[in-house]
Structures are given as structure tokens and as C-alpha cells.
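Everything on this sheet refers to the single structure shown next.
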2 protein chains.
Amino acid sequence: MSRPTPNARDRILTAANKLFYSEGIRAVSLDNIAEKAGITKKTVYYHFKSKDDLVEAYLVSRDQPNLTLYRKWFSEADGGLPDKVAAIFLQIAVSARHPKWKGCGFLRTAAELANMPGHPAMKVGAAHKKKFEIWLTEEFQAVDLEQPEALARHIVLLLDGAFSTILVHRDADYAEAAGNAASALVLCAMQKGPVSGKPSVK
Amino acid sequence: MSRPTPNARDRILTAANKLFYSEGIRAVSLDNIAEKAGITKKTVYYHFKSKDDLVEAYLVSRDQPNLTLYRKWFSEADGGLPDKVAAIFLQIAVSARHPKWKGCGFLRTAAELANMPGHPAMKVGAAHKKKFEIWLTEEFQAVDLEQPEALARHIVLLLDGAFSTILVHRDADYAEAAGNAASALVLCAMQKGPVSGKPSVK
DNA sequence: TGATGTATATTCACTGGTGAGTATACTTAT
DNA sequence: ATAAGTATACTCACCAGTGAATATACATCA
């Protein structure tokens, strides 16, 4: 009991995740997904009311896992704040060197659905990116940096720039360059305003 | 007279430009393009051997105009080097506030065709971005900055980050944030190494 | 001059295939 | 038996690409 749908729906989502991420949204049909999930298209329509609905669910399913990963990379990194920020970029470089890497699913979906600004998946994507920015802002606030919002925004720009640029050039080295720029900006902010009374943040 | 082919091919390219940019590659059919160009689909196939071929031509047609625009924004801006770099971002903010703006066509195409790394359009896109990076590098070299390649790469990352982030959030303010980060990095590079002998760059 | 040939440019009508979404019926556990 | 879940088989629209024919321009030869 309490297991009204042990499988199907999860299998659909898993298949959708792999296919949407690796091939793109419009390049994948619900027939493809149904086949990969080992069920019928009609079953997909039983669990999701439309393709758009499934696309939204795909991004929702990636939201927390991705954020958790970023936080983990940050918190487990050695060194000071600049190093912790840079660690996120270094880990992205590692991911990007895997042959199946195809950029950021949120960014690619947003690019593909740019002609549908009201699409539910666009909202999920924007919310995801905003959560990341807010989390960074809070980390910077926690150590009393000046202008934590502006700094967080700069890091976010470098991160999404890294995703895009690596994808265009198929060259993960851009992540390291982004990491260098990011840690330089953090360091600069720390020197300017480690803040009110406490000159060292360690 | 003496106008054997005054139109067709150009009209196709113009239509492709508008539709591919505003709707995306896979969302647009050659029927759509033919209709917009006021000709028959077969005529499209007379001038372009396939849809992929037309997609490539679409990006090729944007390469020089875009680069020229960036150079113009840079060279016509008042102020020092940091201001000139920032000017590119400010102009992008202006563009991005137009309702028809849909991000960078090269980046969006790369995102959509990420599952076809060998696609001719991907090569055009990568070459375009590389040209921009090289041009920036040369500008930095011209004023004897240290590590001009690294700095150019940082600016490129911020620029593509701005394109992506603005698109996701539909908020052109990110371009200004990126411009601030960019000019800070340029300023920092100038202070470190305005170079050999001349400690002040003004 | 004019008839004919040839390359360029364009159209209409089509094919084979796939896409999103649905009508209907079957199955199985409670 | 009844409701959730799944399947078969379908509709209708669209799409990349093609076959065959036509129109136009220009050249060359008689």
C-alpha cells in the first residue's frame, strides 16, 4: 500500500530526463520517451497531461539535486571563500569533461523555449537559477561581505557563462578561467569590505 | 533590369533569420520559411541543399554584423578601457529590453543543437565566439595589459553569461551587473600590469 | 533576324514518415 | 464490480525532402 504507482511514473521521468537532457526538448517525442521507459505513449498521457507538463516535471526533478550538488562542492572545498567559490567551477570542469555532458539543462531548455516565455518550464528554470543566486548571496552575507547581492550576481554570470561557453567550444578549460575570475572577484570584495570591525574573515 | 536574381536567395535568408532567431531552429519548418519569403519550399531547396545548410547560412549571415556591432560599441564609447568594455554590456542591456530580443542566436542555436556536435552551424558558432575573444585579446595586448588572453576569456564568460541569464530571467539588469564585473576585472588587470615601466595608465 | 539549345530559377503536387494527442477496450488488485 | 493503470489502434496535422514540369534569360548558329 501507499504504493499506488510504484513504477511507471518514475520510469517515465527517468527516461524523460535522459532524453530531454541529451537530445533537447523538441528533438524528443513522447514516443521516444515511452519506448525508453518501456511503456506506451498512452501511459505517459495518463501520468502527465501533456508534453509541456512532462518538460516542466523534468526540470522540477533536477532542481534540488543540482542545488544540492553546488552546495556540496562549495562546503566540502578546502581553503577560504575564494577557493570555495572556485571549487564549484572546478567541479563543473570535471563534469564537462564527461562525454555525455551537454551543458546546463535549465539553460538549454530556456534557450530552446525562448519563444514561449510563459511556458511552465521557463518559470521552473528561472526559479532554479534564482535559488542559486540567493544561496550565494546568503553565503556572502554570512561572512559580512559588502554588496553580497552584486557579488553573487557576478558569480552567477560567470557560472552561466561557463556553461554556455564550454558547450559552444566543447572546451572545459573555460570553467577554470571562470573560476579564476570568480575567485578574483570574491577576493576583491573581501579586501574592500570584510566589514564592520572584523577585518579578517579567515 | 540586369537583375537576374534580385531576390529569392536573400529573401529566404532574411526570412530564415527572423524565424530561426525568434522561434528557434527546430520550431521552424522550411514551409514556414518559404511562406514568409513568399516562395515555394522547392525554391528553398534549390538555393540550399538542406535545412541544416540553411541553418548554417543563417549563422554565417550574422557573424560579421554582430562582431562589427561589438567593435563599434567599444570604439565609440567614452572613457578608459574599463568603460569601453562596459559599454558593450550596456548596449546589450539596451538591446535586451526590446520585446523581440531573444538572446544570442549563436548561443541558442548551440544549445538547441548540442546533440549534434559536428553540425556545421556549431562550427560557425564556435568560430564566431572565438573571433570575438581574439579581438578582445588584441585590444588588451594593444595597451600592453598583462595576460590579455585570460582577461579576454573572463570578459567573454561574462558576456555569454549575460546573454543566458537575461534570457532565463527576462531581466536586462543582469547585463549591467556583468558590465560592472567586467570593468572591475579590466581595472584590476590595469593596476597589476599596465606594464613595463609605465605604472599609471590614467 | 530568328530558331533552337541550355542553364538558371521557380512552381505544383506529392511521398514517406513522424508528431501530439485521443477513443476505446482490456487487465488486475481490492 | 469498480477504479487505477495499461495497451491497441487510431486521427489529424505537419515536416523534410523529391519528381516532373514550367518559365525565363541568354547564347549560338543558320
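So that the names make sense, note that chain A is the first sequence line, chain B the second, and so on, each numbered from 1.
Cation-pi geometry between A:Arg62 and A:Phe20 is not met: the NZ or CZ atom fails to fall both under 6.0 Å from the ring centre and inside 45° of the normal.
Taking 4.0 Å as the cut-off between side-chain N and carboxylate O, A:Asp63 and A:Lys131 count as a salt-bridged pair.
The side chain of A:Tyr46 contributes no N or O atom lying less than 4.0 Å from OP1 or OP2 of D:dT6. Close to D:dA7, at under 4.0 Å from its OP1 or OP2, lies a side-chain N or O of A:Thr43. One finds no side-chain N or O of B:His47 lying less than 4.0 angstrom from the OP1 or OP2 phosphate oxygen of C:dT8.
The side chain to side chain donor-acceptor pair (under 3.5 Å) check on A:Thr40 picks up nothing, with sequence neighbours excluded. Under the side-chain contact (heavy atoms from CB on, under 4.5 Å) criterion, A:Ala175 pairs with A:Ile92, A:Ala93, A:Ile166, sequence neighbours left out. Remark: B:Lys130 pairs with A:Tyr174 by the side chain to side chain donor-acceptor pair (under 3.5 Å) rule, at least two apart or across chains. Looking at residues two or more places apart in sequence or on another chain, you find a salt bridge (charged side-chain N to carboxylate O under 4.0 Å, His left out) between B:Lys129 and B:Asp160. Applying the side chain to side chain donor-acceptor pair (under 3.5 Å) test to B:Asn66 and every residue at least two apart in sequence or in another chain returns nothing. Checked against ring-ring contact (aromatic ring centres under 6.0 Å, His included), B:Phe74 has the following partners two or more places apart in sequence or in another chain: B:Trp135. Every residue two or more places apart in sequence or in another chain that forms a side chain to side chain donor-acceptor pair (under 3.5 Å) with A:Glu23 is listed here: B:Asn115. Residues passing the side-chain contact (heavy atoms from CB on, under 4.5 Å) test with A:Lys72 are A:Glu76, sequence neighbours excluded.
At whole-Å resolution of the value, CZ in B:Phe48 and P in D:dT18 are 16 Å apart. Across the protein-nucleic acid pair, A:Arg9 atom CZ and D:dT6 atom C1' stand 16 Å apart, rounded to whole Å. Following rounding to the nearest Å, A:Tyr45 (OH) and D:dT11 (C1') show an atom-to-atom distance of 13 Å. If you take CG of B:Asp10 and P of C:dA9, they are 12 Å apart, rounded to a whole angstrom.
DNA chain D lies under 4.0 Å from at least one heavy atom of each of the following residues of residues 14-42 of chain A: A:Ile39, A:Thr40, A:Lys42. Less than 4.0 Å separates DNA chain D from no heavy atom of any residue of residues 108-117 of chain A.
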Short heteroatom pairs, N/O only, protein and nucleotides 26-28 of chain C, under 3.5 Å:
none

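Among residues at least two apart or in separate chains, ring pair (Phe, Tyr, Trp, His ring centres under 6.0 Å) pairs with a member in residues 95-120 of chain B are B:Phe106-B:His128.
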